[in-house]
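These numbers were taken from a predicted model, which means no experiment stands behind them. What's counted below: heavy atoms across the whole structure, side chains too, no hydrogens, waters or symmetry copies. Numbers restart at 1 for each chain; the letters A, B, ... are given by sequence-line order, proteins then strands.
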2 protein chains.
Amino acid sequence: MTDAFQPSMLKYDAQGLIPAILQDATSGEVLMLGYMNEETLVRTLEIGQAVFWSRSRQEIWHKGATSGDYVRVLSIATDCDADAIVLQVEPLGGGVCHTGARSCFVEGEAGGEPRLVALVAPSAE
Amino acid sequence: MTDAFQPSMLKYDAQGLIPAILQDATSGEVLMLGYMNEETLVRTLEIGQAVFWSRSRQEIWHKGATSGDYVRVLSIATDCDADAIVLQVEPLGGGVCHTGARSCFVEGEAGGEPRLVALVAPSAE
């Protein structure tokens with residue numbers, strides 16, 4: 001698959017984007033969900049660091065270019081439909097989140113707890 | 001946050017959807033990326049099992065209703081922008097993927113390897 005699969009073979013949405021899940025390669029923690037287009041995915045592969053498409057700014061976003069918090073990418077895997085990818089990563093700077101947290105899904109700058117929407121009661125089945 | 005945060009406070013896209021990452025609560029493996037709207041998120045909370053909005057079929061999709069492979073949801077966390085959620089889950093049946101694999105991001109039915117797009121060379125920095 002590694003040789004056969006190319007960024008052009010992934011399925012991008014109407015805006016030309018694919019959701020990219022960043023997972024800490026060491027801890028397994030989900031760090032953030034960003035969006036890439038084919039160009040930024042190719043760029044990610046070229047430089048070995050996460051490069052996204054910023055939907056809010058409508059521009060290429062090399063993560064860490066302003067904050068210094070670059071994210072090294074170790075591998076990229078697609079799902080069965082080729083319309084989502086998971087990147088195994090190693091944060092090179094501080095937290096991955098713009099808040100300073102290690103993950104966008106936790107609160108606070110260090111040792112944060114999940115930003116819980118809900119704890120869910122056991123299902124009845 | 002648990003009490004204060006409600007599904008109505010999340011940010012849904014133009015189609016009324018929010019990407020929902022399923023992560024195995026035990027192994028930490030990312031199992032799939034699906035989409036929920038507010039209605040299916042509320043339903044997920046009510047029954048403690050993952051309920052999605054199927055974009056291909058344009059209908060509510062109670063995962064496992066046809067396959068038996070229900071997914072128990074233990075907790076739900078949002079990110080800093082409230083436009084993505086991670087669900088800690090426990091698969092109740094076979095694999096989560098429609099292929100039978102334990103994860104949509106791996107190949108084969110058992111013990112599959114990641115569907116690799118690429119292994120990435122170390123970055124120059």
Side-chain angles (χ1 to χ4, degrees), chain A residues 1-3 5-7 9-10 19 21 23-24 27-30 32-34 41 44-49 55-56 70 72-89 92 97-99 101 103-107 113-125, chain B residues 1-3 5-7 9-10 19 21 23-24 27-34 41 44-49 56 70 72-89 92 97-99 101 103-107 113-125:
Chain A
M1 285 293 276
T2 305
D3 290 333
F5 216 110
Q6 300 296 327
M9 297 169 69
L10 294 171
I21 301 163
Q23 183 174 32
D24 188 297
S27 69
E29 188 170 31
V30 174
M32 68 170 276
L33 176 70
L41 178 52
T44 294
L45 293 172
E46 285 173 349
I47 69 173
Q49 296 182 352
R55 297 181 304 168
S56 56
Y70 296 101
R72 174 175 290 166
V73 177
L74 305 177
S75 67
I76 303 177
T78 182
D79 68 351
C80 50
D81 297 327
D83 62 1
I85 51 178
V86 170
L87 289 77
Q88 297 298 323
V89 304
L92 295 176
C97 186
H98 74 282
T99 62
S103 160
C104 291
F105 294 92
V106 303
E107 302 186 71
E113 292 296 310
R115 295 177 181 275
L116 279 183
V117 175
L119 287 170
V120 184
S123 61
E125 288 174 70
Chain B
M1 285 291 277
T2 305
D3 290 334
F5 216 109
Q6 300 295 330
M9 298 168 69
L10 294 172
I21 300 163
Q23 184 174 31
D24 188 296
S27 70
E29 188 170 30
V30 175
L31 301 178
M32 68 170 278
L33 176 69
L41 178 53
T44 294
L45 293 172
E46 286 173 350
I47 69 172
Q49 295 182 351
S56 56
Y70 296 100
R72 174 175 292 168
V73 177
L74 305 178
S75 66
I76 303 177
T78 181
D79 69 351
C80 50
D81 296 328
D83 62 2
I85 51 178
V86 171
L87 289 75
Q88 297 299 322
V89 304
L92 295 176
C97 186
H98 74 281
T99 63
S103 159
C104 291
F105 294 93
V106 304
E107 303 186 70
E113 292 297 309
R115 295 178 181 274
L116 279 183
V117 176
L119 288 170
V120 185
S123 60
E125 288 176 67

Distance from A/Thr78 atom OG1 to A/Leu10 atom CG, nearest 0.5 Å? 5.0 Å

Does this structure show an ion pair linking A/Arg55 with B/Asp81, if we count only N-O contacts that are shorter than 4.0 Å? no

Proximal component of A/Leu45, with respect to chain B [non-hydrogen, under 4.5 Å]: both

Closest heavy-atom pair and its distance - B/Arg115, B/Val106: NE-O, 3.3 Å

For B/Ile21, which atoms come within 4.5 Å of any heavy atom of chain A: side chain, backbone, both, or neither? side chain

Hey, which of B/Val73, B/Thr44, B/Leu41, B/Leu33 has the most heavy atom pairs under 4.5 Å with chain A? B/Val73

Could you check whether atom CD of A/Glu113 has more than 12 heavy atoms from other residues, nucleotides or ligands sitting under 6.0 Å from it? no

